[in-house]
Amino acid sequence: MSASSPSGPVATRPSPSRSAEASGRRQAPAAPYLQLEAITKRFGGFAAVREVSLAVAEGEFVCFLGPSGCGKTTLLRIVAGLERQSEGRIVQAGRDISTLSPRERDFGIVFQSYALFPNLTVRRNIAYGLESRGLPRSRVRQRVEELLALVGLEPHADKYPAQLSGGQQQRVALARALAPAPGLLLLDEPLSALDAKVRLHLRHELRDLQRRLGVTTIMVTHDQEEALSLADRIVVMNAGRVEQIGTPIEVYQRPASPFVADFVGVTNFLEAEVVGEGRCRCGDLELRVETAGRRAGEAVLLAFRPEDALLRDVGREANPLEAEVLRTDFLGPVVRAEVAVESLAERTFLLDLSINLVRDLGLQPGMRIRFALPAERIRLFARDAAPWR
Amino acid sequence: MAVSATSRVLAWRHRLAVDLWLARALFWALVLWLVVALALPLFALLRKSFEVYRFSFAEVALEVQRNGVWQPQGTLAEWVARHPLPEDGPRPTERSRQPLARLLPEDVRTGVAAIRLRDLSAGGGLLLVEGRLSAPGEIIEASPASIGRIFIRPVADFGLDNYRYYFTTPTLRRSLVNSLTVATLTTLIVVPLAFLYAYAIARSHMPGRALFKLVALAPLLVPSLVPGIGLVYLFGRQGLLTPLLFGHDIYGPIGIVLASVFFTFPHAFLILLAALSLADARLYEAAAALGASPARIFRTVTVPGARYGLISAAFVVFTLQITDFGVPKVIGKGYDVLAVDIYKQVIGQQNFQMGAVVSVLLMLPAAVAFAVDRLAARRQKALLTAQAVPWNPPPRPRLDATLFVTCSLVALFILGVLATCQAAALFRLWPYDLSPSLRHYDFDRMDGGGWRSYWNSLEMAGWTTLYGTVLVFCGAYAVEKIRQVSAPPRLFFHALAMLPMAVPGMVLGLSYIFFFNSPDNPLRFLYGTMTILVISTIVHFYTVSHLTAVTALKQLDPDFEAVSESLKQPLWRVFGAVTVPVCLPTILDLAAYLFVNAMTTVSAVVFLYSPQTTLASVAVLNMDDAGDTAPAAAMGMMIFYTCLLARLVQAGLGRRLLLRTQAWRRR
């Protein structure tokens with residue numbers, strides 16, 4: 001089976017745009033495949049999703065990322081038609097599907113629990129969505145074999161779900177969802193029920209499969225690592241709102257809000273006030289930052305990642321600080337140090353230091369160190385931004 | 001090709017819409033069915049209990065003609081004030097009629113040439129003249145000679161008078177006290193006994209535990225009339241064991257309590273067995289490690305662990321006893337209790353209002369018990385944590401022996417009662433003439449409908465099983481799984497489904513009379529048919545069946561329907577391919593439960609059967625009533641064997657179906 005070929009047996013929905021996708025992905029497709037317009041969902045007085053707008057390109061892998069209760073699963077269920085939005089419109093492949101029932105929409109879904117039918121064999125689970133569609137039986141059988149091969153479960157075809165491992169069950173669920181060749185694949189925390197090692201392995205498998213099939217995919221997850229490694233774009237959600245939409249690198253390096261900075265990766269925060277072009281004051285200390293049009297006197301929140309601190313050549317960098325190491329946590333490739341900065345009234349920060357550096361400096365608790373914060377690595381947020389913690 | 005694909009998609013969408021529409025229609029049909037078969041009859045009953053009839057004399061004007069002159073006399077009320085009635089008759093009912101002649105006795109009538117009555121009421125109908133009702137404002141003229149053809153009808157009113165009357169009538173009040181007494185006594189005996197029995201089976205190494213368990217469940221397979229009959233044979237005037245009563249009479253409270261112990265025992269036993277089979281070993285190990293004595297462990301770990309089961313069992317037994325009609329009917333004789341009062345008021349005195357009042361009173365303990373039971377059941381589940389480690393008690397020879405003796409005595413009592421009934425049925429005159437004879441099985445020569453009753457019962461149980469299982473399972477499925485129906489109607493349906501548990505069978509039967517036998521009910525044609533027996537039986541046993549089905553459905557992944565929908569399959573496909581096969585053991589259990597209860601129930605159907613639809617269980621009652629005790633016992637045992645067979649079929653069929661459809665359960 002040649003999955004790379006768009007006319008191969010698995011890609012049974014050959015479309016001109018799909019084959020174009022196969023050669024050059026993410027090359028600004030003309031119209032988005034899926035478009036959400038100002039989706040709002042209220043349960044009684046509580047708004048679970050507020051005015052979410054989003055465009056997903058064909059073949060794109062999008063992750064909804066956020067803490068539990070942020071509305072990401074509700075949003076996914078709205079896309080599936082399992083919940084009806086209170087306001088807003090959904091357009092898929094040029095068709096307004098806002099009021100259509102799940103069955104009238106074109107998607108496959110994998111639930112967190114997989115919801116495999118326990119009394120049907122793997123083969124019959126996969127065939128479930130193909131039967132009673134007027135397809136000849138031989139075609140159904142052929143398609144099931146294709147999917148079994150695709151997810152590598154041929155030897156287990158006649159087992160029942162309870163006889164499979166968690167990872168195998170997950171693959172069956174995926175194969176079942178993909179069997180009718182849907183235009184959109186929805187994944188609701190598909191990896192969260194698995195143990196860490198299997199999860200990592202399946203994550204790569206999932207990514208490969210999605211790339212090979214070129215099926216537009218939306219995945220809901222609360223695991224930032226999963227989102228960063230899988231997604232073409234991440235939609236970070238908080239309290240029903242979209243905080244940021246961007247590629248993993250954008251989301252990580254240029255978080256749009258303190259919430260994103262805090263939720264994705266680890267961030268140190270520091271309250272400050274703009275005093276002039278490129279300058280902020282924090283207590284008695286003045287720091288050089290990129291103020292980018294903010295007026296003097298504005299209250300801001302400074303944010304930097306633990307790995308952004310520089311310990312070598314401190315003298316030549318901006319914003320040199322002196323601190324005492326309070327604690328070190330060995331995390332494998334790096335050591336995370338908690339330090340207290342004297343000139344900032346003993347405020348504590350987390351710094352990630354490479355093992356080499358720690359060895360060179362002979363770093364240990366109680367030691368005094370000097371580090372610099374490069375101005376371009378410090379991000380500025382308005383301090384009146386909604387509280388996120 | 002594109003065209004054919006499009007047309008297929010369109011056809012597909014059409015079919016999908018139909019299945020959703022059907023699901024919704026099905027749900028509302030089920031709601032309608034519970035409203036008609038339960039809510040409306042109960043409302044009719046409640047209404048009836050407040051219905052008071054009185055003569056509205058103030059709304060009838062009277063004129064008399066003397067010497068050719070019409071003399072207005074004001075209203076009849078004013079007339080009665082001037083010419084008091086001899087005395088009040090019994091409390092008026094809808095059937096009471098006041099003859100005009102009684103208001104205008106001959107001595108007052110002298111010199112009257114004619115009278116005129118005028119119906120002043122807005123609705124009319126206060127006067128009855130030769131079977132015709134007066135229209136509003138109509139004037140009826142009569143000569144003194146023809147005064148006898150005029151009657152005054154009572155009008156219906158609503159008030160608390162019936163309740164007031166109930167509580168001021170000592171004979172009626174006494175039944176309330178009697179009911180509470182025997183129900184309390186039965187509870188106090190059954191719960192500890194059932195606890196010991198369940199403890200022995202769940203926690204001891206006593207031999208023969210499986211057999212003991214089967215024996216304990218045997219009373220479920222007979223109508224509650226049967227233990228009454230068995231006890232009469234054992235302890236009655238010529239009974240074998242009568243000396244054991246030391247001169248006390250089995251007829252009355254002693255017999256009621258003993259027979260109630262028999263038929264409530266399995267219910268308490270099952271609840272306590274469930275409560276005791278969940279033991280957390282860690283608690284026992286901790287207690288033992290802290291040096292607690294076995295008695296202290298029992299007091300501080302075992303009993304508290306089952307406390308919700310104990311509470312639940314106590315209330316269930318209390319309710320079963322107080323709402324049961326069969327036992328006191330057979331063995332109560334002069335000792336009146338509430339359930340028998342309803343029967344007497346309705347069947348004996350045709351006093352429907354008072355029957356309704358007693359019914360409402362009877363619902364109170366049942367409602368309280370039901371609420372407590374649900375609460376206790378919820379708590380009991382919460383006790384079962386995921387971390388609990390099953391406890392395997394060590395053999396304790398002395399305790400095991402004691403429990404064996406206790407259980408043997410209970411089992412002996414149960415089997416003894418059943419064996420006595422069987423012996424009474426098979427011998428010419430047990431225990432005096434022990435020549436075997438089948439004459440007691442010649443039901444056609446007795447009251448109660450003969451063999452036809454038995455076949456009717458089978459038919460009724462068959463329909464109840466078929467329709468009941470389908471209705472209950474679909475109803476539970478609708479409540480649990482149909483997302484297209486919004487939450488408030490689902491909760492409403494769920495609440496309706498819970499209601500039958502709080503409604504004793506007698507009360508349900510009576511409410512059916514009020515509702516289905518009302519002249520302006522379009523469903524009146526059902527009255528007296530097999531259909532109404534089936535409907536009442538399904539409703540009577542609805543709650544337990546519904547909860548069983550809901551519990552089974554709750555164990556299914558809530559996303560099955562969503563997955564099926566996303567795979568563009570109609571609702572009935574996931575229902576047929578997954579839900580029903582997975583729930584098959586539960587469905588079989590439901591069917592057997594409904595069958596056995598339909599065979600053994602007396603309370604609701606006793607008001608509803610007609611000469612064409614006599615039932616075996618009712619035949620037991622009627623034959624016993626007519627003095628044909630041995631044939632009653634024979635019929636009771638026929639029911640027993642039929643139910644036993646049904647349970648055996650369930651077990652056998654269950655095993656075969658499990659092998660075929662439940663292969664996935666084996667790992």
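Order of the sequence lines sets the chain letters (A, B, ...), proteins ahead of strands, with each chain counted from 1. Note that the structure is predicted; figures quoted are calculated from it, not measured.
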[X] versus chain B, heavy atoms under 4.5 Å apart: side chain, backbone, both or neither?
{"X": "A/Leu120", "answer": "side chain"}
{"X": "A/Leu186", "answer": "neither"}
{"X": "A/Arg176", "answer": "both"}

Got a second to check how far A/Asp188's CG is from B/Asp559's CG, nearest 0.5 Å? 8.0 Å
Can you tell which part of B/Thr579 gets under 4.5 Å to a heavy atom of chain A, answering side chain, backbone, both or neither?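 Answer is neither: B/Thr579 stays 4.5 Å or more from chain A.
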Can you establish whether the number of heavy atoms outside [X] located under 6.0 Å from its atom [atom1] is more than 12?
{"X": "B/Phe492", "atom1": "CZ", "result": "no"}
{"X": "B/Trp33", "atom1": "CH2", "result": "yes"}
{"X": "A/Lys41", "atom1": "NZ", "result": "yes"}
{"X": "B/Arg647", "atom1": "CZ", "result": "yes"}

Stepwise, does the side-chain contact (heavy atoms from CB on, under 4.5 Å) test hold for A/Leu82 with B/Glu565? CA-CA 9 Å; A/Leu82 296 169; B/Glu565 233 182 318; 4.2 Å; yes
Nearest atoms (heavy-atom pairs only) where B/Gln569 meets A/Leu130: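 Closest approach of B/Gln569 to A/Leu130: NE2-N, 4.4 Å.
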Could you check whether B/Lys568 makes a cation-pi contact with A/Tyr128, meaning its NZ or CZ is under 6.0 Å from the centre of the six-membered ring and within 45° of the ring axis? no
Close side-chain approach of [X] and [Y], heavy atoms under 4.5 Å:
{"X": "B/Val578", "Y": "A/Pro118", "result": "yes"}
{"X": "A/Arg103", "Y": "B/Ser566", "result": "no"}
{"X": "B/Val582", "Y": "A/Phe117", "result": "no"}

Quick check on the interface: out of A/Ser113, A/Ala177, A/Ala115, A/Ala80, who has the most heavy-atom pairs with chain B under 4.5 Å?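 With the most close heavy-atom pairs to chain B, the winner is A/Ala115.
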Looking at B/Arg573 and A/Glu131, does any basic side-chain N land under 4.0 Å from a carboxylate oxygen? yes
